[in-house]
Number of protein chains: 2
Amino acid sequence: MSLSYALLALLLDCPSSGYELNKAFEGSIGCFWKASHQQIYRELGKLEELGWVNVQLVPQAGKPDKKIYSVNELGRSQLTAWTARPADITPIKEEILIKLFVGTLVEPHVLQSHIQQHRQDYEALLAAYETIAAKWFPAPQNLPVEDHLRYLTLRCGMRYATSWIDWCDEVLAYLATLN
Amino acid sequence: MSLSYALLALLLDCPSSGYELNKAFEGSIGCFWKASHQQIYRELGKLEELGWVNVQLVPQAGKPDKKIYSVNELGRSQLTAWTARPADITPIKEEILIKLFVGTLVEPHVLQSHIQQHRQDYEALLAAYETIAAKWFPAPQNLPVEDHLRYLTLRCGMRYATSWIDWCDEVLAYLATLN
DNA sequence: TAGTACATGTAACAGGTTACATGATTGA
DNA sequence: TCAATCATGTAACCTGTTACATGTACTA
């Protein structure tokens, strides 16, 4: 259900093709949602059937036609109603925590390299978020409301990545005592 | 895929019925995985078919029979092999961040109550984790390796909840300036 | 007598992943 | 010439949710 609304949210900002929406999820929007291109195309089809979006076919020379989707009045009102409804917290599902839980099945150095890789991945994510923040929100004090709210979603991503990095350091410190 | 391994991890610790595994996910194990009872029963059936677990029927007076599952040698070696494989980081999917992203569609007080509720939920989660930590790991310095690794999974949950609480405060401070 | 805990499941559907499929253009 | 980018999709499968179904025992 949420994916539809995530797509509507992006389309509201800027009418786009499925391909462009997929790019968005790979970029800064990735700090709050993620979907594969197959899922996006299927979901856009459903939104079209529901009549929440309009489609405009844009022929292109030498490339397949682009289907540009945009949110119509019905879609906008559905998105607004959904936004007003409360949101539950998301349960945690973390493969790496299962692996740590049964960590004594493997050698400590195996866990160590898992956690080191995780730390690196979150470092890279944090760096990406920081680049985006520096580029789009260099002076967060004086942003229009809309932009400030978006800046806050990025802040969430940054805090998230930072908290993982700190935890990895805590785990690595412990694992180091096992050698 | 991960759910099977999460179940194996719990069963390795202590042979259990589907009902008991579901309880575990609702409790402290919830800091790294979550599944509904329907999913658990289906997955246990698959593990049985694969021959990774053994089942023992325990008749009970006045209650339906219990099916106690335990990990056998094959299951154990599969879990070990899986644990040794690297784990990817989990993409973020947060409904509340979509709502914040399109937050200007609703009145600021609506966002405020969403975030306040979120803050409360994470406070409650943190309190639950702290209770578990105090009960099971009162002296984390001197734990056997197995227990210390479990303690670290709890620490991850605590850091996670704390980071959400801090972020909620940041958002609430901003929303307060809008009135 | 109503609700909760115990204990298991089926069926239908929705959400998400993996593999396959097409085909032009651009840059290394 | 090989890979990447642009651009869309189908089919099969696996994962996860919701609703339904059964039945006892205990507690408020």
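Residue numbering restarts at 1 for every chain, and letters A, B, ... go by the order of the sequence lines. Since this is a predicted model, take the numbers as computed values, not measurements.
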message: Can you give me the bend angle of the helix from C/dT1-D/dA28 to C/dA28-D/dT1? Use the axis through the first five pairs and the one through the last five, nearest 10 degrees.
response: 40°

query: When we call it a touch if two heavy atoms are under 4.0 Å apart, what does B/K93 touch: a base, just sugar-phosphate, or nothing?
result: sugar-phosphate

- prompt: Side chains of B/N179 and B/Q112: does their closest heavy-atom pair fall under 4.5 Å?
  reply: yes

message: Tell me the interatomic distance from B/F25, atom CZ, to D/dT17, atom C1', rounded to whole angstroms.
response: 16 Å

query: In whole angstroms, how far is the P atom of D/dC6 from the CG atom of A/D65?
result: 17 Å

task: Find the distance A/E43:CD to C/dG15:P and express it as a whole number of Å.
output: 6 Å

- prompt: Side-chain donor or acceptor of B/R42 under 3.5 Å from a matching atom on the base of C/dG9?
  reply: no

Distance (rounded to the nearest 0.5 Å) between A/M158 CE and A/Y129 OH: 9.5 Å

- prompt: When rounded to the nearest 0.5 angstrom, what is the spacing between NE2 in B/H118 and NZ in B/K99?
  reply: 10.0 Å

message: In this structure, how many angstroms lie between the P atom of D/dT18 and the CE atom of A/M1, rounded?
response: 12 Å

- prompt: Given C/dG15, is OP1 or OP2 found less than 4.0 Å from the side-chain N or O atoms of A/Q39?
  reply: no

- prompt: Distance check: side-chain N/O of A/S17 vs OP1/OP2 of D/dT8, anything under 4.0 Å?
  reply: yes

field: Along DNA chain C (nearest heavy atom to each residue), the more 5'-positioned of B/I68 and A/A35
entry: B/I68

field: B/K66 vs A/S2, nearer the 5' end of DNA chain C by closest nucleotide
entry: B/K66

query: Any side-chain N or O of B/Y41 less than 4.0 Å from the OP1 or OP2 oxygen of C/dT8?
result: yes

- prompt: Is there a side-chain polar atom (N or O) of B/Y19 under 4.0 Å from OP1 or OP2 of C/dC6?
  reply: yes

query: Using a cut-off of less than 4.0 Å, is there contact between a side-chain N or O of A/Q38 and OP1 or OP2 of C/dT18?
result: no

- request: Could you please spell out the steps behind the side chain to side chain contact (heavy atoms under 4.5 Å, CB included) verdict for B/L12 and A/L105?
  value: CA-CA 11 Å; B/L12 198 66; A/L105 290 175; 4.0 Å; yes

query: Any idea how B/Y5 and B/W52 line up, ring-wise: parallel (<30°), tilted (30 to 60°), or perpendicular (>60°)?
result: tilted

- prompt: Would one find more than 12 heavy atoms of other residues, nucleotides or ligands at under 6.0 Å from atom CD of A/E48?
  reply: yes

- prompt: In whole angstrom, what separates B/I40's CD1 from C/dA7's P?
  reply: 14 Å

- request: Might you confirm whether atom CZ of B/R159 has over 12 heavy atoms from other residues, nucleotides or ligands at distances under 6.0 Å?
  value: yes

query: To the nearest angstrom, how far is B/E20 atom CD from C/dA5 atom P?
result: 16 Å

- prompt: For the rings on B/H37 and B/Y19, is their centre-to-centre separation under 6.0 Å?
  reply: no

query: What nucleotide among C/dA7, C/dG15, D/dT8 has an atom nearest to a side-chain atom of A/K46?
result: C/dG15

query: Rounded to whole angstroms, how far apart are CG on A/L44 and C1' on D/dT10?
result: 16 Å

- prompt: Nearest-Å distance, CG (A/L21) to C1' (D/dC6)?
  reply: 15 Å

message: Please classify the nucleic acid contact of A/K23 as base, sugar-phosphate, or nothing, using heavy-atom distances under 4.0 Å.
response: sugar-phosphate

